[in-house]
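A short worksheet on the structure shown next.
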Amino acid sequence: YNTADWEDRTWIVSLNIKEPTNIREIDRITFQGMSTLLHVAHHAIFVAAWDPNFYLTAPGMEQETLVTYVDISDPAGKLRERGKVYIPGQIADKFKMDWHDGHFRVFSQRRYTDGGIGLHIVPTAHPDTLSIGKSIDIPGLRYSGLQATRFDGERAFLFWREYVSGVDNRYLNTIDLSQPLSPQISAQLRVPIDASHIEVHGDRLLTLGRHYEYNSTYYTNRRVALSLFDISDLSSPKELTMVRLGEGSSSSEANHDYKALKTFPQLNLILVPLRYYVSGHSFSGLQLVDWQQDTLVERGRVSNTGGVRRAFPVKDRLVAVGEWAVVSIDAPNRDTPTVEGQLRLVHQVHDVFEFHGKQVQLVTDVYTRQVRLEVRDFGTEDDSPTLAHLDLPYSNAPFVLRDGDTLHLIGNEPSRGQVVHNADLSDPTAPKLRGDLLLTDGNWTVYHPGWGWYYYYWSPYAGLPLRNQ
């Protein structure tokens with residue numbers, strides 16, 4: 001259908017990086033469509049763009065994905081936009097696309113068909129006139145959900161789920177692509193997990209996903225899981241082992257960000273970011289998993305404030321990188337890894353005041369949850385050495401009203417309710433609390449822990465006659 005009225009744009013740029021201090025743009029191609037999905041081959045980039053307004057074209061219009069072939073074969077860096085081809089349905093992620101031996105292969109899922117998962121093969125010998133050479137549907141699907149996929153040369157692997165009569169069924173399909181325009185579904189295996197990412201390691205398939213426990217009425221614990229499959233014979237795949245990670249219901253950064261899953265076959269090690277909450281206890285950190293031959297074993301785990309985004313070995317240590325901290329981990333015994341050092345990345349400042357030439361910061365230590373006032377010299381760094389500090393009894397940062405050398409602090413104390421404290425900063429190098437007033441009455445203690453009283457009488461927006469300097 002006509003895409004002339006699309007407003008979104010995608011562009012590809014080639015750069016000359018021969019001189020790192022003088023990086024220059026060589027060429028640029030801009031074309032219609034919104035895209036975050038690319039497949040890069042040695043000679044071409046395939047850009048998948050979909051139109052979010054497809055349903056406005058006609059009531060029965062099916063969503064399609066426009067794939068553009070961008071020729072990057074010129075060694076001088078010139079780009080050429082070649083042919084385009086529409087793929088029925090939507091391409092969910094970059095692992096749904098692949099180029100191999102003169103053919104572009106893609107998995108897609110359609111919205112308006114009874115089934116709807118298709119494999120489409122596009123010959124690329126004539127890149128200016130692309131068209132689908134062969135399409136096959138995965139048979140037997142109803143109300144299906146396409147999950148993780150992976151192409152590997154003349155093989156492809158596809159996980160999917162169907163929901164029929166109140167029951168979820170999950171499957172792995174193996175596909176033979178040795179004859180590019182005659183793809184064959186080799187086998188279908190029922191599996192225990194929802195798959196979010198696949199790695200091919202020779203004749204083994206490592207899969208990350210989530211496993212669900214079912215008590216005949218509803219799902220209970222949902223845990224991160226790793227499964228290992230034998231794919232040496234496409235016609236007869238076998239599950240070798242599965243390991244569930246964490247306690248209660250767990251989740252992982254790697255379930256939606258494949259780069260967070262790190263495998264190190266030479267170390268027989270898999271690193272998985274992990275979170276869970278069970279029986280009043282929460283965990284956020286890194287899980288170690290042994291991969292010995294055809295066995296996966298859950299080993300120890302180590303917490304990191306703010307969680308883990310990436311982890312990797314450095315010499316004889318592991319390093320975990322999170323949003324709030326980077327930690328060095330010692331794991332000679334993988335059952336009992338320990339944090340050897342922590343680099344804190346976050347200094348949370350709510351407000352800054354000037355008292356007698358010193359800066360006074362109202363901060364929350366995100367690593368301990370302690371609220372405090374910190375006194376520092378003014379300078380270019382907000383986390384320069386602390387000259388003095390004053391711990392505050394509040395569960396969260398209080399509201400602050402300044403009155404000369406005094407800060408009136410109004411907030412919630414866990415054991416008392418809403419309390420006003422006065423912080424005396426007449427000598428900022430020796431701050432101290434002087435006096436307090438309990439504000440919470442019985443009604444608001446029961447229903448709203450004092451906040452309603454505060455907002456009515458003490459809101460800084462109410463224009464109280466205090467010298468709020």
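All figures in this text were calculated on a predicted structure; none of them were measured in a lab.
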With distance as the sole test, does [X] use its side chain to make a donor-acceptor pair with the main-chain N or O of [Y] at under 3.5 Å?
{"X": "W11", "Y": "V13", "value": "no"}
{"X": "T364", "Y": "Q348", "value": "no"}
{"X": "S250", "Y": "V224", "value": "yes"}
{"X": "T241", "Y": "T295", "value": "no"}
{"X": "N412", "Y": "N396", "value": "no"}
{"X": "T149", "Y": "F95", "value": "yes"}
{"X": "S73", "Y": "H43", "value": "no"}
{"X": "T174", "Y": "A187", "value": "yes"}
{"X": "E298", "Y": "G246", "value": "yes"}
{"X": "S252", "Y": "P273", "value": "yes"}

Can a side-chain donor-acceptor contact be found between [Y] and [X] if the only test is distance below 3.5 angstrom?
{"X": "R161", "Y": "N169", "answer": "no"}
{"X": "E199", "Y": "T263", "answer": "yes"}
{"X": "H197", "Y": "T207", "answer": "no"}
{"X": "Q361", "Y": "H347", "answer": "yes"}
{"X": "E239", "Y": "S227", "answer": "yes"}
{"X": "Y276", "Y": "R222", "answer": "no"}
{"X": "E213", "Y": "H211", "answer": "no"}

Lys/Arg N to Asp/Glu carboxylate O, D294 vs R204, below 4.0 Å:
yes
Any salt bridge between K84 and D128, counting N to O under 4.0 Å?
no
For salt bridge (Lys or Arg N to Asp or Glu O under 4.0 Å), just list the numbers for K78 and D71, CA-CA rounded to whole Å, side-chain angles, deciding distance to a tenth of an Å, and then say yes or no.
CA-CA 9 Å; K78 285 293 184 181; D71 191 331; over 6 Å; no
Which atom names give the shortest non-hydrogen contact between P183 and I121, and what distance separates them?
CG-CG1, 4.4 Å
Between V106 and M97, what is the shortest heavy-atom contact and its length?
CG2-CG, 4.0 Å
Using the ring of each side chain (for Trp, its six-membered ring), is F46 parallel, tilted or perpendicular to F104, with breaks at 30° and 60°?
parallel
Give me the ring orientation class for H42 and W99: parallel if the planes are under 30° apart, tilted from 30 to 60°, perpendicular past 60°.
perpendicular
Could you check whether any side-chain heavy atom of Q287 comes within less than 4.5 Å of a side-chain heavy atom of V289, counting everything from C-beta outward?
yes
Hey, are the side chains of R24 and L15 touching, using non-hydrogen atoms and a 4.5 Å cut-off?
no
Flag yes if more than 12 heavy atoms outside [X] fall under 6.0 Å of its [atom1] atom; otherwise flag no.
{"X": "L343", "atom1": "CG", "value": "yes"}
{"X": "H256", "atom1": "NE2", "value": "yes"}
{"X": "Q266", "atom1": "CD", "value": "yes"}

Before giving the answer on ring-ring contact (aromatic ring centres under 6.0 Å, His included), spell out for F229 and F157 the whole-Å C-alpha distance, their side-chain angles and the decisive distance to 0.1 Å.
CA-CA 11 Å; F229 297 88; F157 306 95; 9.5 Å; no
Salt bridge (Lys or Arg N to Asp or Glu O under 4.0 Å), that's the test. Do D203 and R155 meet it? Break it down for me.
CA-CA 11 Å; D203 59 4; R155 307 178 296 180; over 6 Å; no
Audit row: R210, D194, salt bridge (Lys or Arg N to Asp or Glu O under 4.0 Å) steps and yes/no:
CA-CA 5 Å; R210 297 189 78 185; D194 282 336; over 6 Å; no
Run the numbers on K134 and H120 for side chain to side chain contact (heavy atoms under 4.5 Å, CB included), then give the verdict.
CA-CA 6 Å; K134 180 68 174 181; H120 310 281; over 6 Å; no
Could you walk me through whether S196 and N255 pass the side-chain hydrogen bond (donor to acceptor under 3.5 Å, both in side chains) test, one step at a time?
CA-CA 6 Å; S196 54; N255 284 134; 3.3 Å; yes
